Amino acid sequence: MDELFAKAPIKKVYFKLAFPVVLGMITTMIYNLADTMFVAKTGNTDLVAGVTIGAPLFTFLIAVSDIFGLGGSSLISRLFGEKRYDLSKRISSFCLFGSVIVGIILTILLLVFAKPILILLGAKTSTYSYAFDFYRIIALGSVFIIFSLVPQNLIRTEGLAFEAMLSTMIGTILAIILDPIFLFGLKWGATGVGLANIIGYLVTDLLLIFFTIKNAHYISLNPKIMKISGQNIKDVIAIGIPGSITNFAQSFGMALLNSSLAAYGANKVAAMGITQKIYSIVILVIVGFAFGAQPLIGYNYGAKNWQRLKDILRFDTIVLVSYAIVVGGALIILAKPVTALFMNQPSIVSAGSYMLIATIITTPFVGIILVYTTVFQSIGNAWGAFVMAITRQGIIYFIVLEILKSTLGYHGIVWSQALSDILTWIIGYFMFKKSLDLKDKLKK
């Protein structure tokens, strides 16, 4: 491990850790698109609505998983740098089994309060049965969903990014295969869609357990050592909660955007939906590279290898910004034909290409924001991680959207994310500069 994280060429180790994360995210995105397509092909609008109503449950469960996965990997990567391997094993055991315990508790609560939760999510008389069928399966599989992201993050801290990716890809591909079989072949409806998801997660979990036992040296599945100090638990949660909030902030931002555009007609909402699908492909790659580098940043911070850390951050920034400029620039030039690939209607193409340009133009700033975010998470700066989590698509976005919507109307709504990106970048820049502990050491 020391050879890889502390001595190997930065370019080599960076891509060794980041590429598998990017590929895993792209595979998951492909499944989400395929799942949406399969459900839509049934032609049953109530089924489509029912599955859509249950979808936020995924966001919630993944957010819970991030508490243990992101929080644990951040702390463990620093401990590896400090060569505190025994404590790393205890932290990993706590995160792995803690996620299982929380998953079991949530399963019980989600099933007990299923009806009020589904009504809160928007289930109506016509869609309730479909929503409940999907919701029930996802609730029963909560443990598998929550657990899956924890070992993924933890084993990457040992450099096992390929094994994490392989586990995710196999589970996801299996879900893609099972989805149409359950939906069209066996006619299981929403239950089949949920079951395909859960089986995919279960296979991913089993593979991750196998690779953890076989290849990991300091990530432990021994429940006897899961007891850790209150301070250690606080360290995990302090970084994990901001990571989980990011998922909620994204959902919050999308809900605000769609509700604001609804006043301008269904075409505008549809155009933004297409824009977000295209944008998500670009952003997922950036997120993959950024978070793939997190164990490398944390390890060298823990090892107090300041010059190497400085070089890593410089290279990380160059990769993210360069990618954003090249891919973003191409999409800006090809905005109309790319939008037309999804829905070739003049009004949709016109609105969608305009929205795509407004959304993509600040992508380089998003790359830098993610560098700041991963740095704050990697070094245990809980406040910095929290601020980054609630700004870009949270508080800052809400304020910007409301001001621009009331002053510039439709155009203000479209450009709100761009302005929010710039303001978040400014906030992140000053927080990074004022992180005296890190700044002074990087100057050495």
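What you see is a predicted model; the values in this text were computed from it and never measured.
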Distance in Å, T168 OG1 paired with L207 CG, rounded so as to fall on 0.5 Å steps: 9.0 Å

For R78, all residues meeting salt bridge (charged side-chain N to carboxylate O under 4.0 Å, His left out), sequence neighbours excluded: none

F113 atom CZ: more than 12 heavy-atom contacts under 6.0 Å: no

Spacing of OG1 belonging to T275 relative to CD belonging to Q417, to within rounding of 0.5 Å: 12.0 Å

Aromatic ring pairing F289/F15, orientation class (parallel under 30°, perpendicular over 60°, tilted between): perpendicular

Ring centres under 6.0 angstrom apart (Y372, F432): yes

side-chain contact (heavy atoms from CB on, under 4.5 Å) partners for L111, two or more places apart: T107, R136, A139, L140

Straight-line distance of S280 OG to I26 CD1, nearest 0.5 Å: 10.5 Å

Plane angle bin for Y135 and F132 - parallel if under 30°, tilted between 30 and 60°, otherwise perpendicular: parallel

D235 and N232, any side-chain heavy atoms less than 4.5 Å apart: yes

Parallel, tilted or perpendicular: rings of Y218 and Y85 (30°, 60°): parallel

F376 ring center near W383 ring center (under 6.0 Å): no

For F162, all residues meeting ring-ring contact (aromatic ring centres under 6.0 Å, His included), sequence neighbours excluded: none

Passing option when R392 is tested against D421, T373, T424 for side chain to side chain donor-acceptor pair (under 3.5 Å): D421

Over 12 non-hydrogen atoms of neighbours within 6.0 angstrom of CZ in F386: no

Short N-O contact, R314 and D311, less than 4.0 angstrom: yes

CG/L221: more than 12 non-hydrogen atoms of other groups inside 6.0 Å: yes

F5-F80 aromatic ring centre distance below 6.0 Å: no

Parallel, tilted or perpendicular, as decided by the 30° and 60° cut-offs, for the rings of F134 and F58: tilted

Between F144 and Y201, ring centroids under 6.0 Å: no

